[in-house]
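Values in this document were obtained by computation on a predicted structure and should not be read as measured data.
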Amino acid sequence: MRTKRIAVGVGIAVTMGLTGAAVASGAPAPEAGKAPAAATGKKTAKNYLYSSIGDFDANVKPLLDRPDVAGVQLVVPWKAMERKKDQYDFSEIDRALKYVQDRHKKLFIQVQDRFFQAPSRLPDYLKDPEYKGGAAPTKNDNGLGPGKAGTVAAQWNPQVRDRFQKLLKAMAEKFDGRLAGVNLPETATEVDTKKDRTGYSDDAYFKAELDNMAYGKKVFTKTQFIQYVNFWPGEWNNSRKYMSRTFEFAKKHGIGLGGPDVLPGAKPQLENSYPFFKKYRGQLPMVAMAVQEPDFEYKNPETKKPYTRQEFVDFGSNTLGADGLFWATSAPWLHKPAAR
């Protein structure tokens with residue numbers, strides 16, 4: 001198996017495996033490798049901030065009153081909401097929600113079950129024997145250099161997935177209809193199978209992620225429920241129909257989709273999720289795309305220069321069909337006066 005390094009992630013990235021395996025079933029893939037033409041009818045996505053909940057006071061509050069910002073997406077680790085089994089603590093989300101709503105803005109929460117470097121912020125009880133390891137080690141690279149070893153919750157283990165879905169249910173009971181959206185993180189990951197003790201397989205991971213998508217939509221009936229999808233481990237260019245099945249599943253069940261990077265002309269994304277966002281434009285309840293920290297370091301393959309804000313906006317809005325763009329608080333334009 002060859003290895004391809006690609007930019008993905010919550011400000012970090014992972015190394016994805018490529019496979020040439022083809023599967024005959026599933027929806028046909030859009031033509032990959034070429035930039036999809038913009039869909040008919042231009043639109044401009046709303047701007048939101050993107051940050052970890054731990055940086056809310058320092059990085060979000062100074063920017064939230066901007067008239068060109070509609071709200072914020074906060075990444076919240078699983079452990080921050082469930083420090084002990086069945087003991088849920090949503091106080092930090094409550095505090096952020098009040099601050100955001102007092103300013104007539106919107107709050108999105110990303111429920112984080114994977115971490116691209118130590119420490120892992122998963123509940124300690126997942127280490128108990130009944131969870132069969134609870135988490136798997138991952139290998140990461142952002143295309144800009146090797147990354148540190150990370151961790152992903154073993155969602156393919158039914159006992160772990162049950163606990164994660166109980167968290168989603170508890171969140172929904174408290175926040176359904178109050179939050180603008182809840183999303184699960186990107187599908188890209190690379191489990192270090194030489195060190196894994198959880199029984200990971202690509203198929204089991206794929207099925208578990210779709211199960212979590214369905215469950216999230218079941219419990220969040222008023223708040224938008226969204227899955228970030230960019231790459232699937234063990235697949236390239238829809239070779240195993242993971243990508244096409246994901247989009248068709250989301251369309252059928254009314255689940256929003258999104259992704260962690262907006263990179264015009266980026267070949268890895270053009271051979272995976274981007275063509276499907278173009279194909280399914282207007283068929284999903286919401287498309288949420290993030291412009292995260294590494295995106296500002298990459299160069300447009302056509303201009304050979306760093307991407308401009310307008311390039312991010314045009315591509316995200318008119319090609320990927322984004323309803324919202326979630327900007328890392330380090331975005332240069334956020335530190336200039338807002339246009340009025």
Between Gln227 and Pro185, the two heavy atoms sitting closest are NE2-O, 2.9 Å
Taking all heavy atoms of Asp202 and all of Gly234, pick out the closest pair and write down the distance. OD2-CA, 3.3 Å
Taking C-beta and beyond as the side chain, do Leu325 and Tyr48 meet within less than 4.5 Å on heavy atoms? no
How long is the straight-line distance from CZ of Arg83 back to CH2 of Trp78, given to the nearest 0.5 Å? 14.5 Å
Counting only heavy atoms not in Lys85 (residues, nucleotides, ligands), do more than 12 fall under 6.0 Å from its NZ? yes
Please check if the number of heavy atoms outside Lys207 that lie under 6.0 Å from its NZ is greater than 12. no
With Phe276, which of Phe231, Phe247, Trp232 fulfils ring-ring contact (aromatic ring centres under 6.0 Å, His included)? Phe247
NZ (Lys251) and CG (Leu284) are apart, to the nearest 0.5 Å, by 8.5 Å
Ala288 and Tyr228: which non-hydrogen atoms are nearest, and at how many Å? O-CE1, 3.4 Å
Is there side-chain contact between Arg66 and Leu49, with heavy atoms separated by less than 4.5 Å? no
Are any of the side-chain heavy atoms of Met243 and Ser273 separated by less than 4.5 Å? yes
Nearest-0.5 Å distance that lies between atom CZ in Arg103 and atom CG in Leu64: 7.0 Å
Determine the minimum heavy-atom distance between Arg121 and Pro77, stating which atoms define it. CB-CB, 3.6 Å
Shortest non-hydrogen separation from Trp333 to Asp68 and the atoms involved: CZ3-OD2, 3.4 Å
Interatomic distance, Asn238 atom CG to Asn272 atom CG [nearest 0.5 angstrom]: 8.5 Å
Taking the side chain from Tyr88 and the backbone from Ala170, do they hold a donor-acceptor pair closer than 3.5 Å? no
Using only atom types and a distance under 3.5 Å, with no angle test, would you say the side chain of Asp196 pairs donor to acceptor with the backbone of Thr198? yes
Quick one: OG1 on Thr193 to NZ on Lys195, what's the gap to the nearest 0.5 Å? 11.0 Å
Heavy-atom side-chain proximity of Arg161 to Tyr215 below 4.5 angstrom: no
Kindly check if the number of other-residue, nucleotide or ligand heavy atoms within 6.0 Å of NE2 (His335) is above 12? yes
Quick one: does Gln224's side chain get under 4.5 Å of Asn183's, heavy atoms only? no
Test side chain to side chain contact (heavy atoms under 4.5 Å, CB included) on Ile109 and Gln73; report intermediate values, then the result. CA-CA 6 Å; Ile109 295 295; Gln73 176 195 55; over 6 Å; no
Side chains of Leu257 and Met213: closer than 4.5 Å at any heavy-atom pair? yes
With the side chain counted from C-beta on, respond yes when Tyr200 and Pro137 share a heavy-atom pair under 4.5 Å apart, and no when they do not. no
With ring centroids as reference points, do Tyr274 and Phe315 lie under 6.0 angstrom apart? yes
With a 6.0 Å cut-off (strictly less than), is the heavy-atom count around NZ of Lys106, excluding the residue itself, greater than 12? no
To the nearest 0.5 angstrom, please state how far the OG atom of Ser317 sits from the CD atom of Gln310. 8.5 Å
Counting distance only, does the side-chain N/O of Gln112 pair as donor-acceptor with the main-chain N or O of Arg114 below 3.5 Å? yes
Do the rings of Phe175 and Phe90 sit parallel, tilted or perpendicular, given the 30° and 60° boundaries? perpendicular
Which residue, Lys169, Lys166, Arg163, forms the salt bridge (charged side-chain N to carboxylate O under 4.0 Å, His left out) with Asp86? Arg163
For the residue pair Met286 and Ile255, establish whether any side-chain heavy-atom pair is separated by less than 4.5 Å. no
